**Q** 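Let me begin by handing over the structure; questions about it come next.
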Number of protein chains: 2
Amino acid sequence: MSARVTVLLVDDHAVVREGYRRLLEVSGGITVVGEACSAAEAYQMFCILTPDVAVMDISLPGVSGIEALRRILTHQPKARVLMFSMYEDAIFVRRALDAGAAGYLTKAAAPRVMVEAVATVASGRRFLSPDVAQALALRPVGAERATPDVLSAREFEVLKLLAEGCSVNQIAQQLGVNPKTVSNHQSSIRQKLGAETATQLLRAALRLGLIPPL
Amino acid sequence: MSARVTVLLVDDHAVVREGYRRLLEVSGGITVVGEACSAAEAYQMFCILTPDVAVMDISLPGVSGIEALRRILTHQPKARVLMFSMYEDAIFVRRALDAGAAGYLTKAAAPRVMVEAVATVASGRRFLSPDVAQALALRPVGAERATPDVLSAREFEVLKLLAEGCSVNQIAQQLGVNPKTVSNHQSSIRQKLGAETATQLLRAALRLGLIPPL
DNA sequence: ATGTGCCTGGGAATTCTTCCCGATACACGT
DNA sequence: ACGTGTATCGGGAAGAATTCCCAGGCACAT
């Protein structure tokens with residue numbers, strides 16, 4: 001085999017990161033060289049450490065893992081990022097892959113699969129955990145865009161933050177755009193989802209799994 | 001120190017369980033003697049293995065971790081169960097403790113805190129992770145009614161309708177008052193609950209049980 | 001009687017939303 | 001290379017909602 005694989009772990013829960021670190025490191029060929037707990041930190045650390053693979057939780061507070069993935073790929077086009085999530089819905093998988101993820105793994109997968117996934121991604125190939133592959137196979141192309149996919153990536157992002165309780169101004173600051181833009185996004189989101197009130201917007205976000213159930 | 005501590009891990013994600021297992025076992029004094037991925041399995045395995053401590057994720061598919069906790073305690077009143085969750089809201093903590101949990105730990109806690117928590121719970125004491133303790137301390141006793149009581153009856157009613165997705169105008173019509181009045185009520189509700197955004201208002205209503213969970 | 005708190009709304013200032021518009025950028029098929 | 005489509009970003013203006021301050025009517029307790 002080749003040299004050891006270096007990994008950057010991105011998850012907002014410290015205990016979870018530590019668990020993954022140990023899980024990966026006992027495998028023998030993997031070294032976790034860094035950890036990050038947010039999208040911003042993930043981007044910075046990736047640029048500094050240039051790990052072979054980033055293992056990133058898809059649901060981070062504020063800016064999502066997918067957005068973090070995009071930012072990394074913008075500046076490091078050759079980055080190998082393995083997305084990791086509790087969601088196995090085809091919609092999430094597709095968004096992750098569309099955004100350029102090198103692999104997608106669910107937390108329901110067997111532990112050794114995670115090691116295998118990192119190794120596969122590090123070697124330049126793509127990796128999908130079996131359950132995910134099945135979910136995708138069952139809905140070939142565009143099947144899942146019955147309702148949810150009418151939202152664009154940015155709209156997704158804005159909806160997530162709105163559902164988390166952020167104000168338009170906070171979102172604008174976090175995404176680095178004009179509040180007016182966020183407001184305009186919100187309008188189109190509401191129209192696309194048919195959400196007149198904030199409640200309906202939140203329900204939609206819950207349906208899409210953008211935020212954990214309350 | 002005393003003998004090794006035996007632990008039953010309960011979480012619906014295999015990878016997560018494996019991570020925790022490694023995290024706990026390298027500490028030296030802890031042995032994970034079993035794993036379960038559902039409430040039913042947790043109960044069965046607890047009865048068979050009689051571990052010193054069960055570490056249980058609060059959010060399990062189907063029957064929740066708290067319900068699993070209750071079932072275990074019904075038949076094994078001396079069971080020591082450490083609840084483990086990504087939520088640090090006081091309401092979750094209180095429910096867990098009311099149900100008889102020996103401790104509550106958030107996933108945001110530092111990794112070694114988990115080891116400490118297991119050891120503390122095994123020794124017969126209770127354990128709360130620092131962030132959780134703080135959340136509870138801020139709302140001492142009967143905390144869950146500290147907030148709602150400041151709302152007047154009318155405000156309560158308006159909040160309920162708002163949370164159900166009604167517009168201000170609809171509410172005004174339903175209550176037979178001027179929309180302006182409803183709007184004014186809403187303002188004071190927001191102020192009293194500290195809700196900046198519509199979403200936060202909704203979450204408050206959920207916390208107060210004004211509407212069924214989404 | 002008097003104070004207190006709630007429900008009710010008006011008025012004015014402010015902020016947000018909506019709808020329409022154009023600019024830029026990027027991907028895609030021809 | 002070129003047009004086409006789409007996403008993102010924002011400006012402008014009209015309209016709607018929110019906030020803050022205020023005040024009358026009412027119930028209720030001291």
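Keep in mind it's a predicted model, so treat the numbers as computed, not measured. Naming convention: chains lettered A, B, ... in sequence-line order (proteins, then strands); numbering from 1 in each chain. These numbers come from the heavy atoms of this one structure, side chains and all, not from hydrogens, waters or symmetry mates.
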**Q** With side chains defined as the heavy atoms from C-beta onward, is the minimum distance between Glu18(B) and Glu35(B) less than 4.5 Å?
**A**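 Sidechains of Glu35(B) and Glu18(B): in contact.
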**Q** Expressed in angstrom and rounded to an integer, what is the separation of Leu201(B) atom CG from dA17(D) atom P?
**A**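 Taking CG of Leu201(B) and P of dA17(D), I get 16 Å after rounding.
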**Q** Would you say dT8(D) has OP1 or OP2 under 4.0 Å from some side-chain N or O of Ser152(A)?
**A**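 Ser152(A) to dT8(D) OP1/OP2: side-chain N or O found under 4.0 Å.
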**Q** Is any side-chain N or O of Ser187(B) closer than 4.0 Å to OP1 or OP2 of dT19(D)?
**A**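 Checking Ser187(B) against dT19(D): at least one side-chain N or O falls below 4.0 Å of OP1 or OP2.
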**Q** Should the pair Asp57(B)-Lys107(B) be classified as a salt bridge under the 4.0 Å nitrogen-to-oxygen rule?
**A**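 Here Asp57(B) pairs with Lys107(B) in a salt bridge, since their nearest N and O are under 4.0 Å apart.
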**Q** Can you check the Arg190(B) CZ to dC20(D) C1' distance for me, whole Å?
**A**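 Those two atoms, CZ and C1', are 15 Å apart.
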**Q** Using the salt bridge (charged side-chain N to carboxylate O under 4.0 Å, His left out) rule, take Lys160(A) and Glu157(A) through it: C-alpha gap first, then chi angles, then the decisive distance, then the call.
**A** CA-CA 5 Å; Lys160(A) 174 177 187 294; Glu157(A) 205 67 32; 5.8 Å; no
**Q** Would you say the side chain of Ser152(A) lies within less than 4.5 Å of the side chain of His185(A), judging by non-hydrogen atoms?
**A**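 The answer is no, as the side chains (C-beta and beyond) never meet within the 4.5 Å cut-off.
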**Q** Within less than 4.0 Å of OP1 or OP2 of dT18(D), is there a side-chain N or O belonging to Gln186(B)?
**A**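 For dT18(D), OP1/OP2 do have a side-chain N/O of Gln186(B) under 4.0 Å.
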**Q** Think Asn169(A) has a side-chain N or O under 4.0 angstrom from the OP1 or OP2 of dT15(C)?
**A**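 For dT15(C), neither OP1 nor OP2 has a side-chain N or O of Asn169(A) closer than 4.0 Å.
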**Q** Do any side-chain nitrogens or oxygens of Thr181(B) fall under 4.0 Å of OP1 or OP2 in dT8(C)?
**A**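 So the side-chain polar atoms of Thr181(B) never come under 4.0 Å of the phosphate oxygens OP1 or OP2 of dT8(C).
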**Q** Any side-chain N or O of His185(B) under 4.0 Å from OP1/OP2 of dT8(C)?
**A**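 Looking at the OP1 and OP2 atoms of dT8(C), one of them is under 4.0 Å from a side-chain N or O of His185(B).
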**Q** Which pair of non-hydrogen atoms, one from Pro51(A) and one from Leu8(A), has the smallest distance, and what is that distance?
**A**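 That closest heavy-atom pairing would be CG-CB, 3.6 Å.
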**Q** Whether Ser183(A) contacts dT17(C) is assessed here as follows: a side-chain N or O lying under 4.0 Å from the phosphate OP1 or OP2. Is that the case?
**A**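 It does, given that an N or O in the side chain of Ser183(A) lies less than 4.0 Å from OP1 or OP2 of dT17(C).
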**Q** Rounding to an integer number of Å, can you tell me how far Leu162(B) CG sits from dT18(D) C1'?
**A**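 It is 12 Å, rounded to the nearest whole Å.
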**Q** Which comes earlier along DNA chain C counting from the 5' end, the contact point of Lys180(B) or that of Arg154(B), where each point is its nearest nucleotide?
**A**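 Mapping each residue to its closest nucleotide by heavy atoms, the 5'-most match is Arg154(B).
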**Q** Would the base of dC20(D) count as contacting Asn184(B) through its side chain, where contact means a donor and an acceptor less than 3.5 Å apart?
**A**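 Indeed, a donor on one side and an acceptor on the other fall under 3.5 Å apart.
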**Q** Can you check the Leu151(B) CG to dG5(C) C1' distance for me, whole Å?
**A**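 Checked: the CG to C1' distance equals 15 Å.
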**Q** Whole-Å distance between dC9(D) C1' and Glu155(A) CD?
**A**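 These atoms are roughly 12 Å apart.
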**Q** Measure CD1/Ile171(B) against C1'/dT18(D) and give the value in whole Å, please.
**A**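 Nearest whole value for this atom pair: 14 Å.
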**Q** Rounded to whole Å, please give me the gap between CG in Asn178(A) and P in dC21(C).
**A**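 Distance, rounded to whole Å: 20 Å.
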**Q** What integer distance in Å separates Ile189(A):CD1 from dC9(D):P?
**A**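 In whole Å, dC9(D) P lies 12 Å from Ile189(A) CD1.
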